[in-house]
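Structure, as structure tokens:
Every number for a ligand or one of its atoms is a count from 1 in the order of the listing.
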Amino acid sequence: MDKIASLCKRRGFVFQSSEIYGGLGSCWDYGPLGIALKKNITEAWWRDMITSREDMVGLDAAILMHPRVWEASGHLAGFTDPLVDCKKCKHRFRADQLTEQKCPDCGGELTESRNFNLMFKTFMGPVEDTASVVYLRPETAQGIFVNFQNVLNASRLKIPFGIGQIGKSFRNEITPGNFLFRTREFEQMEIEFFVKPGEDEQWHDYWKQTRFNWYLKYGLTRARLRLREHGTDELAHYAKGCADVEYEFPFGWSELEGIANRSDFDLKQHSEFSGKDLSYFNEETRERFVPYVIEPSAGVGRPLLAFLVDAYDEDTAEGEERVVLRLDPRLAPIKAAIFPLLRKAGHPEKALAIRDVLKEHFAVAYDQAGSIGRRYRRQDEIGTPFGITVDHDTLKDDTVTVRERDSMQQVRMPVDRLVDELRARLSVGRAGVVA
Ligand code: GAP
């Protein structure tokens with residue numbers, strides 16, 4: 001993990017939030033390469049889960065919601081972790097994560113455990129009284145439930161169908177950590193898939209498999225991925241069943257995504273608290289029912305960290321040690337880098353002209369600093385799948401050398417074929433899956 005965190009900072013994937021002020025606990029900023037990687041992940045999810053499916057639509061609900069939402073959802077009463085303090089060193093811990101009844105840092109005596117609500121509170125409007133309390137949402141899901149009827153009326157979808165959303169969530173975690181894994185501000189990619197009661201278990205199985213395969217499609221190693229069913233004692237208050245897609249991080253097997261059967265809990269709660277009917281009427285069968293909900297709920301930071309960990313490799317290239325990120329080409333922040341062999345003799349002008357053509361189609365970089373080997377290495381380290389070198393022959397026959405990141409194989413190619421060739425090669429994933 002230390003190597004990944006240091007690469008992330010050095011190359012501009014992830015910086016600590018407010019670093020010049022000493023940093024803010026477990027909040028992170030995505031740098032130029034990090035935001036490119038994050039966008040590629042969220043766009044892949046949006047494309048695969050929403051735009052390429054006929055039974056899914058998207059939504060972007062506000063982060064701030066009516067406070068009654070959190071009463072209805074159960075978050076106000078139940079979204080808590082058991083908190084204990086050390087009486088001696090004052091450090092705080094989650095009681096359910098301790099193996100002994102003493103402070104793991106100094107051995108001191110611990111306070112009684114008390115429930116600590118993880119929602120961040122703020123005030124809407126100028127008066128800081130209880131009437132104006134609002135919460136930063138701890139999950140995007142509730143924005144989908146409260147819009148269920150709106151979406152249904154506007155889209156004329158029929159059950160089964162789903163609503164997907166990507167957005168920020170906030171949790172005042174007691175023990176954040178492991179870099180991007182557990183943070184206080186994070187992004188989620190959530191689906192609420194509405195089904196007829198009785199068909200929920202088969203849809204739950206379908207979504208477990210679909211989401212598991214999604215991680216394989218973008219190149220996570222099969223042996224480091226698993227689906228783990230929750231025991232009944234682990235289930236959230238709303239869940240009838242749940243399975244996690246877990247990845248074997250350097251700090252152990254941990255959750256990337258939870259796929260829960262939320263039953264009809266949320267729609268029933270919101271019906272009761274809002275007084276609005278959130279049932280569904282099937283015109284063909286003349287049946288009315290409150291749909292069950294299958295919820296595949298992923299973070300963005302955790303999959304991003306898993307893709308980085310999985311892609312990280314060290315090997316030897318052209319006689320030198322190199323760090324290489326073997327990222328799936330579809331996720332790589334930069335798709336190709338263009339290098340003039342020399343900084344004279346017309347090479348930079350030709351390389352820049354090629355860069356200008358390619359940048360209309362792909363995220364590309366231009367680099368003329370240092371030896372060609374070092375330039376390849378710089379791009380390998382950030383996962384750029386292709387390096388394109390302009391040399392003396394380019395000026396004579398309009399061909400370039402294209403070097404592939406993983407195999408380091410080089411082929412000669414006419415400049416006017418570059419766009420089509422790169423497009424074809426970039427659509428094939430690391431796992432050999434075509435987009
Ligand atoms: N709506 C259901 C829900 O939010 P969850 O298991 O609490 O379920 C879903 O969260 C996903 O959100 C997790 O699998 C994880 O990827 C991400 N997530 C949750 N808490 C997080 C945190 N503190 N930091 C980063 N990601 C988090």
(message) Please check whether Arg182 reaches ligand 1 - meaning an N/O of the residue sits under 3.5 Å from an N/O of the ligand, judged on distance alone.
(response) no

(request) Would you mind listing which atoms of ligand 1 come within a distance below 4.0 Å of any non-hydrogen atom of Glu255? (result) 6 (O), 13 (C), 14 (O)

(message) Are any of the N/O atoms on Thr183, whether in the backbone or the side chain, positioned under 3.5 angstrom from an N/O atom of ligand 1?
(response) yes

(request) Flag the pair His75 / Tyr135 as yes when their ring centroid distance falls below 6.0 Å, and as no otherwise. (result) no

(request) Examine Phe289 together with Tyr280 and report whether their ring centres are nearer than 6.0 Å. (result) yes

(message) Please list all pairs meeting salt bridge (charged side-chain N to carboxylate O under 4.0 Å, His left out) that have one or both residues in residues 117-126, counting only residues at least two apart or in different chains.
(response) none

(request) Run the ring-centre check on Phe181 versus Phe251 and record whether the distance is less than 6.0 Å. (result) yes

(message) Using a 6.0 Å distance limit plus a 45 degree cone around the ring axis, check whether Arg211 lies over the aromatic ring of Trp214.
(response) yes

(message) Could you tell me, atom by atom, which parts of ligand 1 come under 4.0 Å of a heavy atom of Tyr238?
(response) 2 (C)

(request) Evaluate the ring planes of Phe193 and Trp203, with Trp represented by its six-membered ring, and classify them as parallel (under 30°), tilted (30 to 60°) or perpendicular (over 60°). (result) tilted

(message) Checking the side chain of Gln165 only, and the main-chain atoms of Thr140 only, is there a donor and an acceptor separated by less than 3.5 Å?
(response) yes

(request) Please work out which of Trp28, Phe79, Phe170, Phe181 has its closest non-hydrogen atom nearest to atom 25 (C) of ligand 1. (result) Phe181

(request) Measure centre to centre between the rings of Phe15 and Trp28, then say whether the value is under 6.0 Å. (result) no

(request) Quick one: look up the protein heavy atom nearest atom 3 (C) of ligand 1 and list residue, atom name and how far away it is. (result) Ser297 OG, 3.5 Å

(message) Using ring centroids (six-membered ring only for Trp), state whether Tyr376 and Phe339 fall under 6.0 Å.
(response) yes

(request) Could you see which bit of Leu256 sits under 4.0 Å from ligand 1, with heavy atoms only: side chain, backbone, both or neither? (result) backbone

(request) Only heavy atoms count here, so choose which of Arg171, Arg302, Glu192 is nearest to atom 5 (P) of ligand 1. (result) Arg171

(request) Give a yes-or-no answer on whether the side chains of Arg288 and Ser279 include a donor-acceptor pair shorter than 3.5 Å. (result) yes

(request) Quick one: look up the protein heavy atom nearest atom 12 (O) of ligand 1 and list residue, atom name and how far away it is. (result) Gln188 NE2, 3.2 Å

(request) Could you list the atoms of ligand 1 found under 4.0 angstrom from a heavy atom of Glu295? (result) 1 (N), 2 (C)

(message) Can you confirm whether or not the ring centre of Phe194 sits under 6.0 Å from the ring centre of Tyr292?
(response) no

(request) Would you mind running through ligand 1 and noting each atom that sits below 4.0 Å from a heavy atom of Gly299? (result) 11 (C), 12 (O), 15 (C), 16 (O), 17 (C)

(request) May I ask whether Glu187 places a heavy atom under 4.0 Å from ligand 1? (result) no

(request) Any atoms of ligand 1 less than 4.0 Å from a non-hydrogen atom of Glu139? List them with their elements. (result) 1 (N), 2 (C), 3 (C), 4 (O)

(message) Out of all atoms in ligand 1, which are within 4.0 Å of some heavy atom of Arg262? Include the element for each.
(response) 1 (N), 2 (C)

(request) Would you mind listing every salt bridge (charged side-chain N to carboxylate O under 4.0 Å, His left out) that reaches into residues 50-61, with sequence neighbours excluded? (result) Arg53-Asp55

(request) Specify side chain, backbone, both or neither for Glu190, according to which of its non-hydrogen atoms lie closer than 4.0 Å to ligand 1. (result) side chain

(request) Give the numbers and elements of all ligand 1 atoms closer than 4.0 Å to a heavy atom of Glu257. (result) 14 (O)

(request) Can you pull out the closest protein heavy atom to atom 18 (N) of ligand 1? Residue, atom name and distance to 0.1 Å, please. (result) Phe186 CE1, 3.6 Å

(request) Check whether any N or O atom of Pro303, backbone or side chain, sits under 3.5 Å from an N or O atom of ligand 1, and answer yes or no. (result) no

(request) Output the list of atoms in ligand 1 that are nearer than 4.0 Å to some heavy atom of Gly258, sorted by atom number. (result) 14 (O)

(message) So for ligand 1, is Leu180 a polar contact partner (N or O within less than 3.5 Å, distance only)?
(response) no

